[in-house]
There are 2 protein chains.
Amino acid sequence: MKYSKATNYALHTMLYMMAISPDKPVGVQPLADAQKVSPTYLSKILTKLVKAGLIESASGANGGYRLRGRQEDISFLDIIHAVEGTASLFECCGSGDSRCLIHQEMLSAEQAMEEKLRNTKIYEIAQKHPMSR
Amino acid sequence: MKYSKATNYALHTMLYMMAISPDKPVGVQPLADAQKVSPTYLSKILTKLVKAGLIESASGANGGYRLRGRQEDISFLDIIHAVEGTASLFECCGSGDSRCLIHQEMLSAEQAMEEKLRNTKIYEIAQKHPMSR
DNA sequence: TTAATTACAGACTTAATGTATCCATGATAG
DNA sequence: CTATCATGGATACATTAAGTCTGTAATTAA
Ligand code: SF4
Ligand code: SF4
């Protein structure tokens, strides 16, 4: 029960992009360097963000990744869902039995966390962050 | 990023004990039967609950497991922490850098979920639950 | 048109963790 | 003493995470 490293990479990458180059596309290499992670691996993660519609990609020279849509609306939850998936944290008998209280309570607790993550935007973090790593 | 099956087993077992036999010790066999899980495996999980002080165990004939302390105080969070551990869900550079906002926000979101789980007691569930599975 | 640059996809390897079984040991009641 | 019960260690198996490698497609600059 832990967030994957991939989620960590994704959050940092989004923060980095927003802080450094919010407009121009940036290649995977500098993004990978900044986090000391392999470019090919990071590219896999970024592709998930692309498919989730959070960023867009451009092939070819001067290509790379760029933020998409209204930057100030991108939440932590968006990024986490893009990387970890949207399935519930608590899976039991499979039947979404609405009578079961254990199930309901666990779901409710998870939603409390999601609510918090939904209301936390990277944009706000990007403003204040020392970007020192 | 999922709760382990062990957590599921632990929650059900605690609910079962509280609903069926809140006083007398019950062996691992009937507990395992009720969830169609191997007794030896479940016993490992129960041992964690023992070490966390949520239940107590008695060896020998007529032994087994029994709830401990004030039953109405046992929360979901107690059980989950006993099984999954108490480490944070989000681990990054390791340095508990208090300047880092990503870290802070993730921690804060997790605490929102924990707060919910802390305020959810199995005792209340045990009252209402149909116990049908 | 060609060559350099860049993202993308799939197969693959390795490591870590979760799930589960088996058995030996020890404690306890009758 | 014996049957019953929990505990611990070793082991095996499955699943997922983490990372690498390589080829392909798209795009731009020369
Ligand atoms: S009783 Fe509830 S928590 Fe348990 S397996 Fe059924 S739906 Fe899931
Ligand atoms: S910048 Fe913050 S979130 Fe990132 S590795 Fe450092 S402490 Fe962790």
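Keep in mind that what you see is a predicted model, and the values were worked out from it rather than measured. Chain letters run A, B, ... following the sequence lines, proteins first and then strands; every chain starts at 1.
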Original post:
Which part of the nucleic acid, if any, lies within contact of Lys48(A), taking any heavy atom under 4.0 Å across all strands shown: a base, the sugar-phosphate backbone alone, or nothing?
Top reply: nothing
**OP:** Taking only the side-chain heavy atoms of Lys44(B) (C-beta and beyond), determine which of dG18(C), dT21(C), dA29(C) contains the nearest atom.
**Re:** dT21(C)
Original post:
What pair of heavy atoms forms the shortest contact from Ala109(B) to Lys116(A), and how long is it?
Top reply: CA-CG, 3.7 Å
**OP:** Give a yes/no answer on whether the side chain of Ser38(A) brings an N or O atom under 4.0 Å of OP1 or OP2 in dT20(D).
**Re:** yes
**OP:** Pick base, sugar-phosphate or nothing for Val28(A), based on heavy-atom distances below 4.0 Å to the nucleic acid.
**Re:** sugar-phosphate
Original post:
Counting any heavy atom closer than 4.0 Å, what does Lys2(A) reach on the DNA or RNA strands: base, sugar-phosphate only, or nothing?
Top reply: nothing
Original post:
Do Tyr3(A) and Met106(B) come close enough that some side-chain heavy atom pair is under 4.5 Å?
Top reply: yes
Original post:
Looking across every strand, which nucleic acid part, if any, lies under 4.0 Å from Tyr9(B) by heavy atom: base, sugar-phosphate, or nothing?
Top reply: sugar-phosphate
Original post:
Looking at Asn62(A), does any N or O in its side chain come under 4.0 Å of the phosphate oxygens OP1/OP2 on dA29(D)?
Top reply: yes
Original post:
What nucleotide among dA18(D), dT5(C), dT19(C) has an atom nearest to a side-chain atom of Ala61(A)?
Top reply: dT5(C)
**OP:** Please state whether the phosphate of dT20(D), meaning OP1 or OP2, lies under 4.0 angstrom from any side-chain nitrogen or oxygen of Thr40(A).
**Re:** no
**OP:** Could you work out which one of dT28(D), dT7(D), dA7(C) sits closest to the side chain of Val50(B)?
**Re:** dT7(D)
**OP:** Classify the side chain of Lys5(A) versus the base of dG19(D) as yes if they form a donor-acceptor pair under 3.5 Å and no if they do not.
**Re:** no
Original post:
Does atom CZ of Arg68(B) have more than 12 heavy-atom neighbours, drawn from other residues, nucleotides or ligands, at distances under 6.0 Å?
Top reply: no
**OP:** Quick one: label Thr47(B) by what it contacts on the DNA or RNA (base, sugar-phosphate, nothing), any heavy atom closer than 4.0 Å.
**Re:** sugar-phosphate
